[in-house]
2 protein chains.
Amino acid sequence: MATMAEVAREAGVSVATVSRLLNQQGTVSPNTAERVYAAIKKLSYEPNLLARNFRKSESRVILILAPNVTNPYYAHILSGIGDAAAGMGYAALIFTTGDDPARERDALEMLKKHRADGAILIASDMGCHWLLEYADRYPIVQCSEYDPEVDIPHVSIDNYQASQESMEFLIALGHRRIAMISAENAYISTRLRVNAYRDTLARHGIAPREDYIAPASHDYSFKSGKLRAKELLGMNPRPTAIFCISDTLALGAITAAKELGLRVPEDVTVVGFDDVEHTTMLHPYITTVAQPCYELGKQSAHLLYARMTQGKEIPRQTILKHQLIVRESSAPPDLLE
Amino acid sequence: MATMAEVAREAGVSVATVSRLLNQQGTVSPNTAERVYAAIKKLSYEPNLLARNFRKSESRVILILAPNVTNPYYAHILSGIGDAAAGMGYAALIFTTGDDPARERDALEMLKKHRADGAILIASDMGCHWLLEYADRYPIVQCSEYDPEVDIPHVSIDNYQASQESMEFLIALGHRRIAMISAENAYISTRLRVNAYRDTLARHGIAPREDYIAPASHDYSFKSGKLRAKELLGMNPRPTAIFCISDTLALGAITAAKELGLRVPEDVTVVGFDDVEHTTMLHPYITTVAQPCYELGKQSAHLLYARMTQGKEIPRQTILKHQLIVRESSAPPDLLE
DNA sequence: ATAGACCATGTAATCGATTACAGTAAACGA
DNA sequence: TCGTTTACTGTAATCGATTACATGGTCTAT
């Protein structure tokens, strides 16, 4: 592979001139430029990014940490980040952490080693104070999850407000015995959604029953949603609606209901969260709160970019709009029962 | 950030000694080693990968090209590649091509620029002779899709055999009017599956009807699967079974059947392909051919690694095992109709 | 006692770009 | 006309690691 020096020799100029031409720095006469371009073509020269990045001390890579890439919610965020990064001339290095802070930490070491210029963390647990050690020294943006007590810029939706709307909707339909499938994780979204669940019930004079709140596994697995739903639907009195904090869990709940011989929504209403493809794949289509996943990723990337390149102060919090989407899995409770 | 020279000064040795110690090259006395480690700790030194990679002329990055990251089939492959790469000390740079050869080509330029040491291509179209231009000069492995006429190592399953088994299964159940939802793409898998569909019918003395083969959109979208299935199920005589080349399409077909008031599998049998999570998310659970997605990705990464590091000749073709999984969406046709 | 092997370490070149600085020539302004 | 920009180009230092080669000291075998 030809080097810049060879191109320079071929064109009869110095490397400085070639470099200036390629980087649009300084000036180069049209005549010389033409000769250089000819030489580049002749030798089919390609700049060596290893050398360039080393010299400029930048990697043009952004690190992305996600629990996994198979959950469609994360996949869409990754998609948004990836597209935005590509548009800005950055490459996205995706690391999966499996929700393990140790692996998260390992991956962040990449910043110290100059393998990446900045990082976007998707779904960090609460209580991530140790993150500040990195955030103070490197550009970092959190996407979707964050800790309100930790001062790192983040992009998310208003989980409390969204859950409240969902609950208000159920109550307005006439539901009183509303259960919830949450998750055994330390995400802020989970906490806010549970808070909103309790608060909204209370505000309507309905005493929240703790045994109506069933935590699914930390990764929102379909299987565990089904399991928890079966437990909930076996209780007496049986809840007439289940508020799930993810669509996968909602799908699990619907499957559970069907296996118990219950109809959705006639016998039990199920609502989800996120609005991933699953919601409209089989009937009943799922009522859910739509999150702008792709946009969350895109915004995160743009913020990080601003922080990395212009060293700009970026807003601590960016909240994008959610939307309650009513479909087939919700209906008024059957009051005759 | 401290440099190796500073560490060397602090420890009272030369940079060569520090480097040797860190790379386990040559020998360093225990005494010296201790002093160096102390210096590293004191200065909290981290090697600069930009410098190291530049010097060694390797990026320790592998390029991954996929049409998108949201299709669960690709997501699982990516997962396998990512884990394997991390285990080998490589980082995975994921680029989405949207099935656009131009973007695929652009991404491959990264190899020339030394941004990556090798590449794994997921789902390249047939007729990708131009790929040889890169494959001849850089380590490249294709995963899942490939072109038998293009000599690039690839990892896949036996699509023909798998489809044949699926068809034999349907015929053994008693189905004669079997339709197929394929796709409008140029993948080898699509071609082999269609071929196996035709051949197997013919071998059983059933004349394939061309209008029973409906191509869905190139990305196997749920929506287009539903659309095609509605057309097929509206035909006279109506097919009693539909062989779909992806689970998403199968899900679309099941939804279509339900919307038409048909029961699955009593009125129509639907079988899928891939075995992604969707298959067991709602009843009827889908009968399908399982592909070892994660393993496909992992193997691809290992092959690429062998090729990159030992320059070894690697096998041109690696075929992993598939498995027909019979679930609820298939049953003998109702012969009373 | 001495050659040869081996160990521990240092010196300095090297990878391929970017860029500060300097120099020359032409253009310009008064 | 002379000083001063301005346009264009070249020289060489530089980024931070790796590594070929050289050096001096120890140990071993004859």
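All chains are named by letter (A, B, ...) in the order of the sequence lines, taking the proteins before the strands, and each is independently numbered beginning at 1.
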Got a list of side-chain donor-acceptor pairs under 3.5 Å for residues 131-138 of chain B, not counting sequence neighbours?
{"unit_1": "B:E133", "atom_1": "OE1", "unit_2": "B:R105", "atom_2": "NH2", "d": "3.2"}
{"unit_1": "B:Y134", "atom_1": "OH", "unit_2": "B:E109", "atom_2": "OE2", "d": "2.4"}

| said: Between B:T96 (side chain only) and B:A66 (backbone N and O only), is there a donor and an acceptor less than 3.5 Å apart? | reply: no

Task: Side-chain donor or acceptor of A:T97 paired with backbone N/O of A:E104 under 3.5 Å - done: no

Hits for salt bridge (charged side-chain N to carboxylate O under 4.0 Å, His left out) against B:R60, two or more places apart or cross-chain, chain-then-number order -> B:E58

Checking A:E145, A:Q317, A:R316, A:Q142 against A:H154 for side chain to side chain donor-acceptor pair (under 3.5 Å), the one that qualifies is A:Q317

Protein heavy-atom contacts under 4.0 Å, written 5' to 3' over nucleotides 6-19 of chain C as B (base), S (sugar-phosphate only) or - (none), form the string -SBBBBBBBBBBBB

